[in-house]
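Here the structure comes first, spelled out in structure tokens, and everything after it is commentary.
All ligand and atom numbering here is 1-based and tracks the order in the structure.
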Amino acid sequence: MKFFSTRDKNEAVSFKEAIFRGLAPDGGLYMPETMPDLSGLIASFTPETPFIDIATSITDALLSEELGEGAAERICRRAFDFEPRLAEVDDNISVLELYHGPSCAFKDFGASFLASSMEELLKSDSRKAMILTATSGDTGSAVARAFYEKENIEVVILYPSGRVSPLQEKQLTTLGKNIRALEVKGSFDDCQRMVKEAFLDRELSEKLSLTSANSISLGRLIPQSFYYIWAWAQAAGHRDAESRSDLTFCVPSGNFGNLTAGIMAHIWGMKNKGFIAATNINDVVPEYLKSGEFAPRASKLTLSNAMDVGNPSNFERMLELFGESHEKMTDLIKEEVITDSETKAEIAKLLTEKNYEADPHTAVGYLASEHHIKQDGGRIITLSTAHPGKFSEVYEEATGKKPHMPERLLDVMKLEKKSTIVENTLEALKEAIN
Ligand SMILES: *Cc1c(COP(=O)(O)O)cnc(C)c1O
């Protein structure tokens with residue numbers, strides 16, 4: 001299978017090129033050139049099929065032509081020593097928990113698969129690479145954990161000094177080995193600018209084989225389809241097989257990579273009813289679904305801050321998947337917008353009424369699902385994108401209680417921070433990494 005840029009369909013590249021480039025040279029995002037029909041394979045999965053087998057089979061179907069026999073299994077076995085879980089919170093709403101990975105957020109699935117794929121591909125031509133990435137706090141930890149101890153790959157993470165939470169800082173700075181944290185005297189925007197400048201510096205970029213691992217990478221998009229297919233297969237055991245075609249997935253969204261991966265699974269042959277795009281007040285995609293107008297704007301701060309995105313990059317991919325048709329998109333995707341006060345009330349309500357601990361992003365999705373069911377009925381699987389322990393301040397504010405903290409978050413708090421403080425200039429960055 002080849003991949004093309006959303007902005008130029010004439011130049012197809014391999015999976016390998018697509019993942020080491022990250023963004024296409026024309027600024028577009030990589031997409032599969034043709035959509036395979038995997039409906040037979042997907043229909044063959046049962047509630048007993050382990051997640052790892054589904055991940056391996058889909059990877060094999062998509063990439064074996066390029067990667068050869070056995071690679072899919074090697075990549076997936078190394079990537080996934082964790083699994084999604086499905087919690088039945090209500091008769092008609094289940095929560096697909098995607099936070100049982102190393103950093104306690106759904107981004108672990110994408111980052112782990114990308115890291116394993118890169119390791120596999122570097123091994124075959126004995127190259128080294130350096131991942132350079134900027135984080136505002138939350139997303140860097142999934143990348144750090146995913147690439148930890150991967151062979152021939154060094155990771156450098158830039159984060160703004162004093163502007164990430166204590167837990168986030170520990171998650172970024174305590175791993176060591178091939179993961180280095182640079183604490184930048186400046187803002188997140190400075191960090192992003194420095195990374196951009198480093199990539200534009202040809203000499204530096206070639207010398208160090210700089211590459212990115214950011215969320216628009218094709219290598220992070222593809223694996224996000226696996227858990228939709230796994231959850232859909234689980235639903236076969238729920239009452240009767242027919243319930244699968246009645247299933248709607250609700251996806252709390254920011255940059256819309258997660259939802260895009262679900263739509264791809266649907267197009268490959270996962271026969272579910274549809275999707276709900278749930279957002280906080282950063283609602284440019286719901287606005288588009290309602291009006292047909294896409295009007296990006298500056299993002300606003302909310303309690304579900306991993307979804308504070310004013311110009312979602314993956315919208316370009318969504319348009320492509322629906323042949324630019326607003327009508328086709330709205331046939332499959334419904335929209336819901338949730339405010340901060342609703343989010344807080346929902347976190348409290350889920351705890352008191354369902355005895356379920358939800359983080360703010362999950363609460364957005366859950367309330368959106370309830371709104372949708374009131375109107376349309378049916379059965380919903382809503383995606384839980386982070387462990388409540390990662391957002392314990394908001395959780396406590398909403399409920400007056402502390403969430404259960406997973407061991408791996410408690411452990412990380414005990415480790416010693418190791419970072420290098422750097423000025424907010426390219427020169428300082430060069431000095432640190434060269
Ligand atoms: C990144 C993130 C999201 C948004 O996912 P997108 O793929 O960008 O739409 C939602 N919740 C959490 C916790 C996240 O980290």
For Leu67 and Leu121, run side chain to side chain contact (heavy atoms under 4.5 Å, CB included): C-alpha distance rounded to whole Å, both residues' side-chain angles, the deciding distance at 0.1 Å, then the answer.
-> CA-CA 8 Å; Leu67 303 181; Leu121 290 164; 3.5 Å; yes
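Using a heavy-atom distance under 4.0 Å as the criterion, the protein contacts of ligand 1 are Phe106, Lys107, Asp138, Pro252, Ser253, Gly254, Asn255, Phe256, Gly257, Asn258, Ala306, Met307, His361, Thr385, Ala386.
Between Asp308 and Asn280 there is a side-chain heavy-atom pair separated by less than 4.5 Å.
A side chain to side chain contact (heavy atoms under 4.5 Å, CB included) with Ile222 holds for exactly one of Thr59, Leu62, Ile58; it is Leu62.
The pair Lys417-Glu169 meets the salt-bridge criterion, with a side-chain N (NZ, NE, NH1 or NH2) lying under 4.0 Å from an Asp/Glu carboxylate O.
Judged as a salt bridge (Lys or Arg N to Asp or Glu O under 4.0 Å), and not counting sequence neighbours, Glu11 has no contacts.
Ser187 and Asp189 share no donor-acceptor pair across their side chains, judged by distance under 3.5 Å alone.
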